[in-house]
Amino acid sequence: MPFTLATWNINSVRLREPIVSKLLTEEGPDILCLQECKSPVDLMPLEKFAELGYGHVVARGQKGYNGVAILSKLPIQDAGDMDFAGLGHARHVAGRLENGVVIHNFYVPAGGDIPDREKNEKFGQKLDYLSDMRDWFRGSRPEKAILVGDLNIAPREDDVWNHKQLLKIVSHTPVEVEHFGAVMDAGGWSDVTRADIPQGLLYSWWSYRAKDWDAADKGRRLDHVWASADIKAAAHSSRILRGARGWEKPSDHAPVFATFDL
DNA sequence: ATGGTCGTCGCACGA
């Protein structure tokens, strides 16, 4: 059965309920994974999404920061969460579909501004979070699994607007890319978006600080869709809905879509 | 080389 999934860092699900609803109405993915909901679960506007057909929800929230949710048209079971790096943050939740596919929704720590764990605790926490992800997937190799989310790393040269200029900028430093690769290798994950769109610059995030984000186009691909080795061949038709970055009161991220024949 | 903008919570802090 083919299904389409999208992942979107929404930067407050309460403030942006209107554009989440717009996405659900206009694009109608079977599943939408949200990050940075910035809300306890019981204050998320889930009734609005249920009215649009997304009555199945698996979520973790906290006041003000982080928070992840999986909105689904299809029945989905809560499959738990992990607290990597011992941060006590709502950064992961998993759901299991009736066909057995497990969906992991992650919001990896951004890591602060200085790419040095001696000078910036947040950067160390980001690397530790990724190391814990690696160890977890090494211990139990994912099967029939999809991992999505804001991983806060743009791994490839063509995932950023200027590779050389960003080598010392958090999200594109070699040590982060190395940790990112270690998570992929440990789980046997494949990058679905790049399997579908192998060539060319590809971004999912544009800073709020740029005057004209569209014309300047100084983007980064921070949001990812991965598939476990056994189902990677089922994935196709990836796209990034760049237009959503220009919607009213936008998130600084655009949604990333992938379709699977499973 | 620097500052630029958001959201939350209620003044810095995180992104």
Side-chain angles (χ1 to χ4, degrees), chain A residues 7-23 33-45 48 59-69 83-92 105-117 119-130 148-155 159-162 164-173 175-177 179-180 203-224 242 244-256:
Chain A
T7 178
W8 197 9
N9 177 317
I10 197 58
N11 186 17
S12 174
V13 71
R14 287 149 74 184
L15 189 72
R16 278 184 244 290
E17 176 277 319
I19 62 168
V20 173
S21 293
K22 179 179 169 76
L23 183 90
C33 296
L34 298 172
Q35 304 87 35
E36 273 209 276
C37 295
K38 295 189 172 178
S39 171
V41 174
D42 57 7
L43 296 180
M44 294 180 187
K48 301 265 190 178
R60 297 293 185 275
Q62 64 182 90
K63 188 177 171 184
Y65 301 98
N66 311 310
V68 286
D83 176 26
F84 293 127
L87 300 174
H89 295 170
R91 295 182 175 275
H92 168 254
N105 182 13
F106 275 101
Y107 174 48
V108 170
D113 289 332
I114 304 167
D116 179 346
R117 71 188 308 155
K119 296 175 186 159
N120 167 22
E121 183 186 34
K122 292 182 187 313
F123 192 71
Q125 291 171 347
K126 181 178 195 174
L127 298 181
D128 292 346
Y129 193 95
L130 293 160
V148 306
D150 177 3
L151 306 185
N152 267 312
I153 295 172
D159 291 336
V160 295
W161 65 277
N162 187 319
K164 280 191 176 172
Q165 204 161 326
L166 288 173
L167 277 170
K168 291 181 176 172
I169 302 299
V170 173
S171 73
H172 193 60
T173 64
V175 67
E176 289 169 273
V177 173
H179 278 66
F180 182 99
Y203 313 139
S204 65
W205 174 87
W206 296 260
S207 173
Y208 283 128
R209 297 175 190 178
K211 273 198 175 106
D212 185 344
W213 71 274
D214 197 19
D217 203 18
K218 294 183 174 180
R220 306 177 201 170
R221 188 171 69 105
L222 304 180
D223 303 276
H224 299 271
R242 179 185 175 111
R245 179 62 178 80
W247 288 354
E248 66 285 0
K249 290 275 251 168
S251 167
D252 44 356
H253 294 252
V256 181

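In what follows, every chain begins at residue 1, and chains take the letters A, B, ... in the order their sequences are listed.
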Among all residues two or more places apart in sequence or in another chain, which pass the ring-ring contact (aromatic ring centres under 6.0 Å, His included) test with A:Y129? A:F84
Contacts of type ring-ring contact (aromatic ring centres under 6.0 Å, His included), residue A:Y65, not counting sequence neighbours: none
Go through the structure and list residues passing side chain to side chain donor-acceptor pair (under 3.5 Å) with [X], not counting sequence neighbours.
{"X": "A:E121", "value": "none"}
{"X": "A:N105", "value": "A:Q35"}
{"X": "A:D214", "value": "A:R242"}

For [X] and [N], give me the distance from atom [atom1] to atom [atom2], rounded to whole Å.
{"X": "A:K211", "N": "B:dC6", "atom1": "NZ", "atom2": "C1'", "value": "17 Å"}
{"X": "A:K218", "N": "B:dT2", "atom1": "NZ", "atom2": "P", "value": "16 Å"}
{"X": "A:W206", "N": "B:dC6", "atom1": "CH2", "atom2": "C1'", "value": "17 Å"}

More than 12 foreign heavy atoms under 6.0 Å from NZ of A:K168: is that the case here? no
Please state the [atom1] separation for the pair [N] and [M] - nearest whole angstrom.
{"N": "B:dA1", "M": "B:dG14", "atom1": "C1'", "answer": "24 Å"}
{"N": "B:dC13", "M": "B:dC9", "atom1": "P", "answer": "16 Å"}
{"N": "B:dG3", "M": "B:dA15", "atom1": "C1'", "answer": "16 Å"}
{"N": "B:dC11", "M": "B:dC6", "atom1": "C1'", "answer": "16 Å"}

How does protein contact run along nucleotides 7-15 of chain B, one letter per nucleotide 5' to 3', with B for base contact, S for sugar-phosphate only, - for none, heavy atoms under 4.0 Å? SSS----SB
